[in-house]
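Have a look at the structure below before the remarks.
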Amino acid sequence: MTPWRPKSLKWRLVGRLAVMQAIMLLLLATVILVVVGSLWRSGMLGERYQFSTIDVLAEAVERDALGDLTLRPTPELIRLRAEKPDLWFILRDAQGRRLTEGTPPPEVAPIVDRLDRLGEASIRSSPDDTTPIGIVRWVDTQAGRLQMLTPASGRASVRKVIATAEPLFLNVALPIIGLMALATLLVTPFVVRRAMAGLGQAAADAERIDIDRSGVRLSMDKVPAEVVPFVNAVNHALDRLDKGYEGHKRFLADAAHELRTPIAILTTRIASLSPGPERTRLLEDTTRLTILTGQLLDLQRLDQREIALAPVDLVAIAERIVLDIAPLAFAAGYEMTLEPEAEHVVISGDETALDRALANLIQNAIDHGGRRGTIMIRVARAGWIEVCDEGDGIPPAEREQIFEPFYRLRQGGRGAGLGLDLVQKIMRLHGGHIEVVIGPTKGACLRMVFPLPTTA
């Protein structure tokens with residue numbers, strides 16, 4: 001099945017406008033035809049049209065086998081003869097052959113014998129008459145070019161009206177319709193796009209919304225009035241989400257602060273117990289609680305961007321953290337090694353944040369290394385630290401997900417799923433990143449990569 005795709009608002013508007021224009025043009029043409037038909041039927045159309053008889057004769061005239069002029073009994077000629085029993089006319093060609101019918105009025109009789117000397121003329125009974133009683137015209141017909149002398153009265157036929165209007169339609173109306181259609185297809189999308197420019201900016205603002213970026217709102221600049229209520233509703237929803245998230249963070253920070261004291265007291269009391277497996281497990285649990293409270297406080301500090309970068313030595317940090325955590329690792333059944341490539345590897349960073357990041361990686365190795373083998377910490381001149389264990393490793397399909405907050409490889413496993421997320425945030429604030437690499441063993445190997453270090 002083809003996936004559903006939302007229809008473009010721009011092209012829906014253009015399409016509807018084009019359809020509306022077509023309907024309006026159709027209605028206009030229908031109204032014009034109805035009006036013309038009504039006027040023609042009532043006899044009001046073309047009562048002063050002088051060439052109706054000539055039009056009918058031009059359609060009916062032809063030549064017989066001898067070349068003489070004759071008339072076909074067309075419907076228009078039959079109707080003309082029925083309406084005008086006293087119909088008269090004279091047709092002649094350039095050779096002088098004539099076709100006549102009826103008797104011309106006395107005012108026209110003097111013209112009959114002088115047709116060969118006339119081109120075109122209007123015949124009036126007196127100079128004061130505004131309406132001629134006869135007309136003389138040369139007309140192109142099927143029988144050739146003929147001179148016609150006919151009455152100057154009648155009305156225009158529908159065919160004549162259409163024939164007269166056709167050039168006007170083709171030369172004037174049709175180009176106008178074409179320009180309207182072209183404007184609809186070319187100009188309207190541009191106008192609609194300009195009108196929707198505010199929505200594009202609002203969409204760009206929406207792309208910047210992230211859990212780490214509070215206070216981002218959709219822009220109201222140039223947003224169409226019809227969409228303003230929706231944008232306002234989204235901004236109000238973001239206000240509520242920011243307030244709820246800030247309250248959530250304050251709660252976690254306050255809870256972490258309150259937990260540090262009882263955890264420290266609990267650790268001291270457990271440390272005073274007699275050595276044994278139970279004491280070791282309890283110390284591991286209290287250590288994880290201590291690390292968890294520290295992670296919650298670090299997350300709050302990082303969200304507020306409270307770090308100050310200064311030259312720090314990665315080798316010194318690694319030595320200090322290994323010494324602090326080595327007893328816990330040994331008690332859990334691991335060996336630990338530190339392999340620096342140089343005596344000093346100096347970068348620009350926040351020492352407290354980097355202490356926490358490396359401690360989280362080592363604690364992650366202790367929790368998921370299978371309680372066997374060696375936890376290896378390596379510091380490279382190129383500006384990276386990696387922590388590798390000899391456990392079951394990280395499946396390739398989950399190497400991106402493990403950095404999401406509260407994500408754990410195994411349900412019911414140790415930890416809250418905040419350690420690697422915290423490390424990732426610390427690395428981003430340092431302009432670096434954390435990645436899963438292929439280590440010397442089949443276990444997990446996580447590398448913190450910093451910008452190029454300066455040589456100390």
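These numbers come from the heavy atoms of this one structure, side chains and all, not from hydrogens, waters or symmetry mates.
Partners of Q142 by side chain to side chain donor-acceptor pair (under 3.5 Å), not counting sequence neighbours: none found.
Although no hydrogens or angles enter the test, the distance criterion places a donor-acceptor pair under 3.5 Å between the side chain of R381 and the main chain of E341. Using a distance-only test at 3.5 Å, with no hydrogens or angles considered, no donor-acceptor pair links the side chain of D313 to the main chain of H344. With hydrogens and angles ignored, the 3.5 Å screen pairs a side-chain donor or acceptor of T141 with a backbone N or O of A143. Between the side chain of H433 and the main chain of M448, no donor-acceptor pair closer than 3.5 Å is present. Put simply, the side chain of N364 never gets that close to the backbone of N360: no donor and acceptor are under 3.5 Å apart. Within the 3.5 Å criterion, the main-chain N or O of M148 finds no donor-acceptor partner in the side chain of R137.
The shortest distance between side-chain heavy atoms of V231 and V234 does not fall below 4.5 Å. P311 has its side chain out of reach of S348: every pair of non-hydrogen atoms, C-beta onward, lies at least 4.5 Å apart. Side-chain contact between V379 and W384: absent, with no pair of heavy atoms (C-beta onward) separated by less than 4.5 Å. Between I434 and L361, some side-chain heavy-atom pair lies under the 4.5 Å cut-off. Residues R72 and L77 have side chains not in contact (no heavy-atom distance under 4.5 Å, counting atoms from C-beta outward). Side-chain contact between T337 and T374 is present, with heavy atoms from C-beta onward closer than 4.5 Å. A 4.5 Å side-chain heavy-atom check between R320 and E351 finds at least one atom pair inside the cut-off. Counting only heavy atoms from C-beta outward, the side chains of I385 and V345 never approach each other to under 4.5 Å.
Taking every heavy atom of both residues into account, I366 and I325 meet most closely at CD1-CG2, 3.6 Å. Among all heavy-atom pairs drawn from M336 and A326, the shortest one is SD-CA, 3.6 Å. Listed here is the closest heavy atom pair of V315 and A342: CG2-O, 3.6 Å. Summarising the geometry of A318 relative to L358, their closest heavy-atom pair is CA-CD2, 3.5 Å, with the distance given to 0.1 Å. Nearest heavy-atom pair across G373 and E390 is CA-OE1, 3.4 Å. In this structure, R145 and W138 approach most closely via the heavy-atom pair NH2-CB, 3.3 Å.
Note on K442 versus D392: no salt bridge recorded, every NZ/NE/NH1/NH2 to OD/OE distance being 4.0 Å or above. K243 has no carboxylate O lying under 4.0 Å from a charged side-chain N of D239, or vice versa, which leaves the two without a salt bridge. By the 4.0 Å N-to-carboxylate-O rule, D389 lies too far from R372 to be salt-bridged with it.
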- Message: Determine whether L282 and R269 satisfy the following criterion, side chain to side chain contact (heavy atoms under 4.5 Å, CB included), listing intermediate values before the conclusion.
- Response: CA-CA 10 Å; L282 290 174; R269 291 179 178 177; over 6 Å; no

- Are Q363 and D367 close enough, and set up right, to give a side chain to side chain contact (heavy atoms under 4.5 Å, CB included), and what steps lead you there? CA-CA 6 Å; Q363 182 63 46; D367 290 340; 3.1 Å; yes

- Could you give me the CA-CA distance, side-chain angles and deciding distance for V312 and V346, then say whether side chain to side chain contact (heavy atoms under 4.5 Å, CB included) is met? CA-CA 5 Å; V312 294; V346 180; over 6 Å; no

- Item | R217 vs L238, side chain to side chain contact (heavy atoms under 4.5 Å, CB included): CA-CA, chis, key distance, verdict | CA-CA 7 Å; R217 298 294 180 267; L238 292 174; 3.7 Å; yes

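Annotation for E120: atom CD counts as buried by contact number, over 12 foreign heavy atoms lying within 6.0 Å. Atom CD of E335 has 12 or fewer neighbouring heavy atoms from other residues, nucleotides or ligands inside a 6.0 Å radius.
With values rounded to the nearest 0.5 angstrom, T53 atom OG1 is found 12.5 Å from E76 atom CD. Of the inter-residue distances, the one linking L57 atom CG with F51 atom CZ reads 13.5 Å to the nearest 0.5 angstrom. In this structure, the separation between CD1 on I377 and CD1 on I317 is 13.5 Å, given to the nearest 0.5 Å. Summarising the geometry, atom SG belonging to C445 is positioned 9.5 Å from atom CD belonging to E435; distances are rounded to the nearest 0.5 Å. Rounded to the nearest 0.5 angstrom, F330 CZ and I375 CD1 are separated by 9.5 Å. Rounding to the nearest 0.5 Å gives a distance of 12.0 Å between CG of D324 and CD of E319.
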